[in-house]
Amino acid sequence: IFTFSVSAVTYEQLKAMLANHSVQLFDVRNPDEFQGGRIPDSVNIPLGQLEESLKLPPQQFQLQFGVKAPEKEDDNIVFHCRSGKRSLTALEIAHRLGFSKARHYAGGYIDWEQREKK
């Protein structure tokens with residue numbers, strides 16, 4: 001059983017990672033939600049496509065999503081959705097596939113948007 005508490009990043013941590021360009025941020029919401037507003041530098045992989053996407057050969061992943069494919073050892077993989085439910089599912093999928101250091105932004109886009117408006 002995973003302890004998911006260690007697998008969450010805060011808004012502040014995410015801001016710092018984005019500032020340092022040291023994050024692979026995957027938005028698992030639907031494309032229409034993504035179009036409606038997104039966190040900068042995030043890549044949209046809808047939850048329903050996540051498992052097959054993470055199994056793609058690296059070249060194919062890069063062609064499809066325009067970013068380098070995440071590697072299983074990477075400790076800067078972060079998933080997010082609207083409110084933290086889907087990203088938790090994404091985390092379970094990623095961990096099951098061997099991306100053991102992947103995390104999620106539990107606050108999701110709702111939290112991000114509220115904090116960015118301040």
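Along the sequence shown, residues are numbered consecutively beginning with 1.
In this structure, CD on E51 lies 12.0 Å from OG1 on T89, to the nearest 0.5 angstrom. Atom CD in E113 sits 12.5 Å away from atom NZ in K118 (nearest 0.5 Å). How far NE2 of H80 is from CZ of R103: 14.5 Å, rounded to the nearest 0.5 Å. For the atom pair S100 OG and H95 NE2, the distance stands at 6.5 Å (nearest 0.5 Å).
Taking the six-membered ring where the residue is Trp, F79 and F26 present tilted rings, their angle falling between 30° and 60°.
Distance alone, capped at 3.5 Å, places no donor-acceptor pair between the D111 side chain and the G108 backbone. Between the side chain of T10 and the main chain of Q13, a donor-acceptor pair closer than 3.5 Å is present.
The cluster map of Ile, Leu, Val, Met, Phe, Trp and Tyr, joined by side-chain heavy atoms under 4.5 Å apart, puts I110 and I39 in different clusters. Note on L54 and L63: separate hydrophobic clusters, where clusters join Ile, Leu, Val, Met, Phe, Trp and Tyr whose side-chain heavy atoms are under 4.5 Å apart, directly or indirectly. When the side chains of ILVMFWY residues are joined at heavy-atom separations under 4.5 Å, either directly or via intervening members, I45 and L88 end up in a single hydrophobic cluster. Taken together through direct or relayed side-chain contacts under 4.5 Å among Ile, Leu, Val, Met, Phe, Trp and Tyr, L97 and V67 form part of one hydrophobic cluster.
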Kindly indicate, with the supporting measurements, whether the criterion side chain to side chain contact (heavy atoms under 4.5 Å, CB included) is fulfilled by F34 and S42.
CA-CA 9 Å; F34 185 72; S42 60; 3.4 Å; yes

Please walk me through it: do K15 and E116 pass salt bridge (charged side-chain N to carboxylate O under 4.0 Å, His left out)?
CA-CA 10 Å; K15 282 292 273 192; E116 288 291 296; 2.9 Å; yes

Assess the residue pair E12 and R115 against the criterion (salt bridge (charged side-chain N to carboxylate O under 4.0 Å, His left out)); give the C-alpha distance rounded to whole Å, side-chain angles, the decisive distance to 0.1 Å, and a yes or no.
CA-CA 10 Å; E12 289 76 16; R115 289 168 179 266; 3.2 Å; yes

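Every residue two or more places apart in sequence or in another chain that forms a ring pair (Phe, Tyr, Trp, His ring centres under 6.0 Å) with F61 is listed here: F65.
By the 4.0 Å N-to-carboxylate-O rule, R86 lies close enough to E33 to be salt-bridged with it.
Nearest heavy-atom pair, L91 versus A102, reported as atom, atom and distance to 0.1 Å: CD1-O, 3.3 Å. The minimum heavy-atom distance between L25 and P40, with the atom names listed, is CD2-O, 4.3 Å. The shortest heavy-atom contact between D74 and K101 is O-CB, 3.4 Å. A90 approaches L50 most closely through the heavy-atom pair CB-CD2, 3.5 Å. Closest approach of S87 to H104, counting heavy atoms only: OG-ND1, 2.7 Å. Here the shortest heavy-atom pairing between W112 and Y105 reads N-OH, 3.3 Å.
Residue pairs meeting the salt bridge (Lys or Arg N to Asp or Glu O under 4.0 Å) criterion with at least one member in residues 17-29, sequence neighbours excluded, are D27-R29. Here salt bridge (Lys or Arg N to Asp or Glu O under 4.0 Å) pairs that include residues 37-48, with residues two or more places apart or in two chains, number zero.
Around the NZ atom of K85, the shell of radius 6.0 Å holds no more than 12 heavy atoms that belong to other residues, nucleotides or ligands.
Within the 4.5 Å cutoff, no side-chain heavy atoms of C81 are placed close to those of L47.
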